[in-house]
Amino acid sequence: MTNTDLKALELMFQRPLEPAFTTRDSGKTVLELPDSFYTDRYRNDTEEVGNRFSKDVDLKIPIQELSNVPSLEFTKKIGLKNQFSLFNNRHREIASELITLFMSAPNLRQFVSLSVYTKDRVNPVLFQYAYAVAVAHRPDTREVPITNISQIFPSNFVEPSAFRDARQEASVIGESGARVHVDIPQNYTASDREDEQRLAYFREDIGVNSHHWHWHLVYPTTGPTEVVNKDRRGELFYYMHHQILARYNVERFCNNLKKVQPLNNLRVEVPEGYFPKILSSTNNRTYPARVTNQKLRDVDRHDGRVEISDVERWRDRVLAAIDQGYVEDSSGNRIPLDEVRGIDILGNMIEASPVLSINYNFYGNLHNEGHNIISFAHDPDYRHLEDFGVMGDVTTAMRDPIFYRWHGFIDTVFNKFKTRLNPYNAGELNFDGITVDYIEAKIGKSNTKANTLLTYWQKSSADLAAGLDFGPTTDRNIFASFTHLQNAPFTYTFNVTNNGARRTGTCRIFICPKVDERNQALNLEEQRLLAIEMDKFTVDLVPGENTIRRQSTESSVAIPFERSFRPVGADYQPKAADELARFKFCGCGWPQHLLLPKGNAQGMLFDLFVMISDYSQDSVEQPKTPNDACSTAYSFCGLKDKLYPDRRTMGYPFDRRLPNANLTELVGAFGNMAKTDLRIVFNDRVIDKA
């Protein structure tokens with residue numbers, strides 16, 4: 001293994017539509033390919049193109065010949081200019097085979113060669129997905145940073161006219177000139193006549209959609225067993241999407257909109273239209289729109305077929321299994337849906353991993369095929385030669401209001417199971433001898449009130465250079481400015497009394513909305529389903545009084561802004577080893593700038609809930625694998641090569657029914673819990689990021 005091997009792998013994330021022999025790293029580096037690596041288009045011109053792109057570069061990285069040249073015929077079913085979808089069964093099978101091929105490379109240098117050889121011969125989005133999965137899971141590529149998807153394929157995230165302006169700036173203003181930042185409009189998909197547009201800042205946020213892509217990269221449904229079969233993967237599918245839905249519904253309350261209506265009937269018209277106004281990276285076409293009151297129909301296309309009745313049948317079988325309390329495997333054995341493994345079994349059935357589903361042929365492919373039916377609503381039989389809409393792509397699905405309606409339905413299925421379980425009892429909730437005496441959250445500035453937090457708009461920039469193919473090669477950066485929600489950093493302070501010997505606890509922090517969009521008080525069950533996890537961490541408790549302080553930026557849910565929108569290249573990487581490790585690997589996590597809901601101008605009221613649970617009941621004995629640099633966002637993303645670091649079910653204690661009538665009674669009954677009123681004030685002004 002050499003540094004140039006790792007450098008070559010990092011460069012493969014740049015300029016994804018350009019041939020592998022073109023310059024990368026702002027025109028400073030080129031890969032020197034064996035003649036056999038050139039595609040038929042360039043095979044007769046290898047010397048000419050090789051010499052052309054090798055001029056005036058700082059580094060030439062020779063690529064080794066392949067010891068075994070693979071057949072890539074299996075990838076041809078996805079054309080080079082076709083869209084690629086993880087919801088499409090055929091596409092997933094092809095991706096699985098390609099991931100397996102990458103994972104089987106015998107050493108790092110041969111993996112480099114295999115990746116370079118494959119890149120120009122397969123669909124570019126398929127390649128980037130399978131390649132990133134392999135980089136994330138091979139033990140010899142732990143040091144390779146995975147570039148954020150918004151920087152690889154920026155057209156999936158950015159309004160198209162921004163690219164014209166970006167290329168103009170790059171071409172007209174030289175490297176030493178003072179380029180302006182290209183501005184991406186804040187609201188460009190609909191006018192204020194559309195109520196759903198009030199949530200565009202959430203749905204179309206670059207960090208939100210990047211997180212969704214990266215989560216599915218870390219937790220693929222197909223591929224080698226060691227890649228797919230991760231600890232509590234099905235449960236994490238449930239919980240991560242449940243938390244997204246809770247956050248979205250609370251954002252709706254902040255904007256005077258009612259909760260999402262679950263899409264539990266695919267045979268009625270869909271009132272929500274969506275016109276995405278973004279381009280497909282592979283064919284430069286816009287993602288198709290869905291008109292208002294669109295009727296969903298059976299999909300009958302050359303690359304996939306699904307009937308609405310299929311989805312209804314799978315839904316009924318899953319619901320029947322929940323009612324019965326067990327599922328049946330392909331041999332007819334009954335596996336109980338208990339409080340420990342039940343949610344994990346259901347998660348792997350509903351997202352339908354063929355590798356992990358208890359009985360894929362019987363329980364079907366409920367979640368993914370729902371995405372497919374919705375994403376092809378505009379052209380279900382391919383008569384207009386249109387590709388899927390944004391619901392067919394994990395990088396864009398969360399932009400569409402119907403994503404939250406479909407996942408609202410999926411969440412009701414999971415919650416049906418959760419409500420079958422007994423409510424938590426005192427033994428499962430209490431931590432004897434521990435009392436939470438006082439809690440507050442406070443912005444760090446002087447003269448600020450405790451438990452009053454602030455949100456506002458912020459204008460920030462992202463570097464588009466890595467994903468702008470066939471543009472100037474000497475650009476160090478091409479920045480686009482965009483406006484997003486932001487929150488003022490704050491500090492939690494808790495006073496906890498330990499009336500026993502020294503021990504360890506797990507501090508769990510949630511916020512729960514107190515009222516809905518009509519200012520009507522929410523009951524405990526409603527609050528439970530809308531509880532937003534803010535943080536979770538271990539605390540050492542000495543006998544007597546303890547003061548616990550925790551910064552909002554340390555959240556176990558979120559990743560910092562800089563990891564969502566990091567510039568590309570070594571010049572921008574941190575120098576400290578621990579910071580460099582986190583910078584390279586930590587792409588999965590909720591964006592820090594959306595850690596808090598928006599609130600409103602008057603100050604929206606929440607319950608700030610804090611619980612200290614018994615760490616001896618929470619702890620997990622981990623395998624002796626290298627420590628994961630990305631432990632900061634483990635609540636949503638787990639830990640690389642380790643078990644999920646909390647033995648309790650995800651969302652505890654709000655994942656199941658609670659034994660009290662309201663939240664006040666709950667915290668009154670258990671000393672290891674406390675709550676206080678929290679006010680989130682939204683300031684409608686834009687502040688430039690420093």
Side-chain angles (χ1 to χ4, degrees), residues 70-105 111 114-115 117-119 121-138 149 212-213 215-230 233-234 237 280 282 298-307 310-311 314 329-330 347-376 380 382 387-388 391-397:
S71 169
L72 297 174
E73 192 62 31
F74 68 93
T75 69
K76 302 306 181 187
K77 294 176 183 177
I78 308 176
L80 295 180
K81 295 183 179 180
N82 288 356
Q83 286 277 58
F84 168 75
S85 173
L86 284 174
F87 301 116
N88 181 291
N89 290 335
R90 181 185 295 177
H91 291 195
R92 284 207 322 276
E93 290 167 2
I94 293 170
S96 174
E97 194 168 345
L98 188 56
I99 293 167
T100 302
L101 179 65
F102 285 153
M103 293 294 292
S104 64
F111 176 53
L114 180 61
S115 301
Y117 177 84
T118 304
K119 179 186 178 300
R121 289 170 166 80
V122 305
N123 178 280
V125 183
L126 165 66
F127 171 81
Q128 288 293 337
Y129 169 73
Y131 175 67
V133 170
V135 169
H137 291 89
R138 283 181 64 98
I149 191 66
H212 191 235
W213 169 82
W215 190 93
H216 284 278
L217 180 82
V218 175
Y219 292 96
T221 57
T222 57
T225 302
E226 68 271 20
V227 170
V228 178
N229 191 13
K230 294 189 174 74
R233 184 209 171 281
F237 169 78
S280 158
T282 54
D298 297 341
V299 174
D300 184 9
R301 298 168 62 96
H302 64 287
D303 59 351
R305 296 178 178 178
V306 61
E307 296 179 3
D310 293 332
V311 175
W314 298 328
D329 66 17
S330 55
N348 285 326
M349 275 172 40
I350 289 172
E351 203 201 4
S353 165
V355 180
L356 301 178
S357 175
I358 208 78
N359 192 341
Y360 183 79
N361 290 331
F362 184 73
Y363 293 108
N365 195 2
L366 177 60
H367 164 262
N368 291 343
E369 294 294 15
H371 269 268
N372 286 329
I373 287 171
I374 296 165
S375 71
F376 287 120
Y382 201 50
D387 238 316
F388 51 74
M391 273 288 281
D393 188 337
V394 293
T395 66
T396 57

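This structure is a prediction, so every number in the text was calculated from the model and none was measured. All values below come from the heavy atoms of this structure, side chains included, with hydrogens, waters and symmetry mates left out.
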Separation of [Y] [atom2] from [X] [atom1] (nearest 0.5 Å):
{"X": "Ser330", "Y": "Tyr360", "atom1": "OG", "atom2": "OH", "answer": "14.0 Å"}
{"X": "His371", "Y": "Met391", "atom1": "NE2", "atom2": "CE", "answer": "4.0 Å"}
{"X": "Asn368", "Y": "Ile373", "atom1": "CG", "atom2": "CD1", "answer": "11.5 Å"}
{"X": "Phe388", "Y": "Ser85", "atom1": "CZ", "atom2": "OG", "answer": "4.5 Å"}
{"X": "Leu114", "Y": "Thr118", "atom1": "CG", "atom2": "OG1", "answer": "4.0 Å"}
{"X": "Ser375", "Y": "Phe87", "atom1": "OG", "atom2": "CZ", "answer": "8.5 Å"}

Qualifying residues under ring-ring contact (aromatic ring centres under 6.0 Å, His included), relative to [X], sequence neighbours excluded:
{"X": "Tyr382", "answer": "His302"}
{"X": "Phe376", "answer": "none"}
{"X": "Tyr363", "answer": "none"}
{"X": "Trp215", "answer": "Tyr219, His241"}

Donor-acceptor under 3.5 Å ([X] side chain, [Y] main chain):
{"X": "Ser104", "Y": "Leu101", "result": "yes"}
{"X": "His212", "Y": "Val394", "result": "yes"}
{"X": "His91", "Y": "Phe84", "result": "no"}
{"X": "Thr222", "Y": "Arg92", "result": "yes"}
{"X": "Ser96", "Y": "Gly223", "result": "yes"}
{"X": "Asp298", "Y": "Val306", "result": "no"}
{"X": "Asn359", "Y": "Asp329", "result": "yes"}
{"X": "Ser357", "Y": "Pro354", "result": "no"}
{"X": "Asn88", "Y": "Asp303", "result": "yes"}

Which residues pass the side-chain hydrogen bond (donor to acceptor under 3.5 Å, both in side chains) test with [X], sequence neighbours left out?
{"X": "Glu369", "value": "Asn89, Asn372"}
{"X": "Arg305", "value": "Asp300"}
{"X": "Asn348", "value": "Arg233"}
{"X": "Lys119", "value": "none"}

| said: So, using salt bridge (charged side-chain N to carboxylate O under 4.0 Å, His left out) as the criterion, who are the partners of Arg138 when residues are at least two apart? | reply: Asp140
Sequence neighbours left out, what passes side chain to side chain contact (heavy atoms under 4.5 Å, CB included) with [X]? Give chain and number order.
{"X": "Asn82", "value": "Ile78, Asn123"}
{"X": "Pro224", "value": "Ile99, Thr100, Met103, Glu226, Val227"}
{"X": "Glu97", "value": "Phe74"}

| Would you say the side chain of Asp387 lies within less than 4.5 Å of the side chain of Ser280, judging by non-hydrogen atoms? |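 No; the side chains remain at least 4.5 Å from each other.
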| query | Which is it for Tyr129 and His216 under the ring-ring contact (aromatic ring centres under 6.0 Å, His included) test, yes or no, and what are the steps along the way? | reply | CA-CA 10 Å; Tyr129 169 73; His216 284 278; 9.2 Å; no
